[in-house]
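Below is one structure, written out as C-alpha cells; the observations come after it.
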Number of protein chains: 2
Amino acid sequence: MQLDRLVNFHKTVGDKTRLRIIGLLKEGPLHGQAIAGKLGLTPPTISHHITKLKEIDVIVQRRDKNTIYYHLNERKLSLLASAITKLGDEEMNTEFQVSDEEKLKVLSNFFDDNGQLKSIPAQLKKRLIVLEHIIKGLEPGKSYPEPKINEHIKKYHEDFATIRREFIMHHFMTRDKGYYELNPRELWLI
Amino acid sequence: MQLDRLVNFHKTVGDKTRLRIIGLLKEGPLHGQAIAGKLGLTPPTISHHITKLKEIDVIVQRRDKNTIYYHLNERKLSLLASAITKLGDEEMNTEFQVSDEEKLKVLSNFFDDNGQLKSIPAQLKKRLIVLEHIIKGLEPGKSYPEPKINEHIKKYHEDFATIRREFIMHHFMTRDKGYYELNPRELWLI
DNA sequence: AATCTAATTAGATTATTATCTAATAAGGGG
DNA sequence: CCCCTTATTAGATAATAATCTAATTAGATT
C-alpha cells in the first residue's frame, strides 16, 4: 500500500457530493439519473463523481439494458478507511489482497475431508473465502429457483438459509422474484 | 455527527504532506522545525498543515519553553476514519463523546464497594474510563518518582506495572528520567 | 532592554477541481 | 432505420488550496 493511494482515497472521499452518493448507495444500488435526481445535480456531474469513486474501487457497476446500476463495495471502503490508522505498519502491505495460499489454508481448516463445511467462520475475511468456494459450483448467467439454490448449499452445510442470505448480503448473487442469479465477479466483495 | 465534519476530515487528511506528518507523529511527538526538516519543507508550510490537523482534532500540542511539541491523537483519528463506514447509522451520533452516565455505569461495573478495581477492562473505551478515574487522584504539574506512582495505583489494583504503562501509552502522563508527570487534559485520549 | 529561537501571519503564485451547458456516444425498441 | 433513454465527453467558469518568501509575534535567556 503506497502513500499516494491512501492520499487519493481520502481526497476522493473528501467531497460532500461523493459522501452523499456513498450514503445513498449504502441503501442499495441506483442508476445515474436516480442519483442526480435525489441530489439535485445534473447527470454529467454524477458521472464525474462516479468515475472518481470507481477509480478508488469503492463503486462497481452492473449494466441492465440501457441502465447502469452502481453498487457500493463496502468491504473495500472499510479496508481503505482503516488504512490510515495503520500508517507505517507492516500489515498495511498485506491486507488488501487475499493470497491463494491464505485461501487454501482457510478452506482446509473449515472443510472436512468429505468437502463438508464444518462451521461458518465468524470472521468476515474467512467467511468470504468460504462463500466464494461454495458459490463456485454455480453457473454464471444461469437463473436458479430458490429450491435449487438450497439444494446446492446443502451439499456443503445444512444451514442453507444463513448461507443463502450471506450470498445476497455480500453481493455474490441477486434475487429477483424468487429466482437467483450470480453477480459478475467484480461485485463480489473478495 | 454531521456530514460536513466528515467531509472536512477526509479533505484534511487527503493530502500527502499531512499524511506524512501523521506518519511521523505516530512514532512520537515532534516540534515544527523537526517536522519541516524531516519532510524538506519550510516551517510556515508545516504551520499551515498543523493548523488544519488541529482543526479536526487529530493533533494536540504541548509547549515546553519556546518549543511546541505536536502529538497525534490516535483515538480521534481512528474514530473519524471509521465514521465513513457508518454513514447513516444511528450509532454515528453517539460514538464521539462519552457521556457522564456512561462513565458512571462503567465505573460502577469495574470498581467494587471499597473502590478497588475488580479487573482491567479489555475494551479500549472502558479501559480509558477506568484509567481516567484512577489518575484523578494525582496532582497536575507535580513530578512523582516511580515508587510514588506505583503506590498510588496499588490503592486501586495490584498490577501497577500494567496500569502505569497504560498511563504512558494513552498519554495520560509522561516519563522523564524515572520521574512521572501528568499531561495536560487535552492530551488524554478521552 | 536586547537578543535568540521557534511559530505564525500576510500576500503572491500556481495548480487543482466541482459544476454547469452543449455536444456526442451507446444501447434498445418500435 | 429512426427515435428514445441513459451515460459520457468537451469546454468554460469560478472557487479552493499548497507552497513559497518576507514580515511579524511570542517566549525565554542574558
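On a predicted model such as this, the values are computed, not experimentally measured, just so you know. By convention in this document, chain letters (A, B, ...) are assigned in the order of the sequence lines, proteins followed by strands, and residues within each chain are numbered from 1.
Rounding to whole angstrom units, NE2 of residue A/H10 and P of D/dA18 are separated by 15 Å. Nucleotide C/dA7 holds its P atom 16 Å from the CZ atom of B/R62, rounded to whole Å. A/L53 places its CG atom 15 Å from the C1' atom of C/dT17, with the value rounded to the nearest Å. B/Y69 has its OH atom 14 Å from the C1' atom of C/dA7, to the nearest Å. Between the C1' atom of D/dT6 and the CG atom of A/L30 lies a distance of 15 Å, rounded to the nearest Å. Following rounding to the nearest Å, B/I46 (CD1) and D/dA18 (C1') show an atom-to-atom distance of 11 Å. Between B/H31 atom NE2 and C/dT8 atom P there is a gap of 12 Å when expressed in whole angstrom units. Taking atom CD of A/Q33 as the reference point, atom C1' of D/dC4 lies 12 Å away to the nearest angstrom.
For A/T42, whose side chain is taken as the heavy atoms from C-beta onward, the closest listed nucleotide among D/dG27, D/dA7, C/dT21 is C/dT21. Checking D/dA18, C/dT21, D/dA17 against every side-chain atom of B/K11, the shortest atom distance belongs to D/dA17. Which of C/dT21, D/dT5, D/dT8 sits closest to the side chain of A/S47 comes down to D/dT8. Taking every side-chain heavy atom of A/R18 into account, C/dA18 is the closest of D/dT9, C/dT5, C/dA18. Of the listed nucleotides (D/dT5, D/dA7, D/dA18), D/dA7 has the atom at the smallest distance from the side chain of A/I68.
Using a 4.0 Å cut-off, no side-chain N or O of A/K65 falls inside it from OP1 or OP2 of D/dT5. A close approach under 4.0 Å does not occur between any side-chain nitrogen or oxygen of B/T67 and OP1 or OP2 of C/dA6. For A/T45, no side-chain nitrogen or oxygen approaches OP1 or OP2 of C/dT19 to under 4.0 Å. Close to C/dA6, at under 4.0 Å from its OP1 or OP2, lies no side-chain N or O of B/R63.
As judged by a 4.0 angstrom heavy-atom cut-off over every strand, A/I50 is placed among residues making no nucleic acid contact. Residue contacts for A/T17: at a heavy-atom cut-off of 4.0 Å it reaches the sugar-phosphate backbone alone, with no base atom in range. Using a 4.0 Å heavy-atom distance criterion, B/K16 is classed as making no nucleic acid contact. Among the atoms of the strands shown, only primed sugar atoms or phosphate atoms (P, OP1, OP2) are found under 4.0 Å from some heavy atom of A/Y70.
Grouping the Ile, Leu, Val, Met, Phe, Trp and Tyr side chains by contacts below 4.5 angstrom, directly or via other members, places A/M169 apart from A/I163.
To the nearest 0.5 Å, atom NZ of residue B/K148 and atom OG of residue B/S143 are 12.5 Å apart.
The aromatic rings of B/H10 and A/H10 sit parallel to each other, their planes meeting at less than 30°, with 60° as the upper class boundary.
Across all strands shown, D/dT30 forms a Watson-Crick or G-U wobble pair, both distances under 3.5 Å, with C/dA1.
Just one of A/K126, A/K103, A/K125, A/R127 meets the salt bridge (charged side-chain N to carboxylate O under 4.0 Å, His left out) condition when paired with A/E132; it is A/K103.
Annotation: of the two residues near DNA chain C, B/H48 and A/L41, the 5′-most nearest-nucleotide partner is B/H48.
Between A/F111 and A/H133, the distance separating the two ring centers is shorter than 6.0 angstrom.
Closest non-hydrogen pair, A/L25 versus A/Y70, comes out as CD2-O, 3.5 Å.
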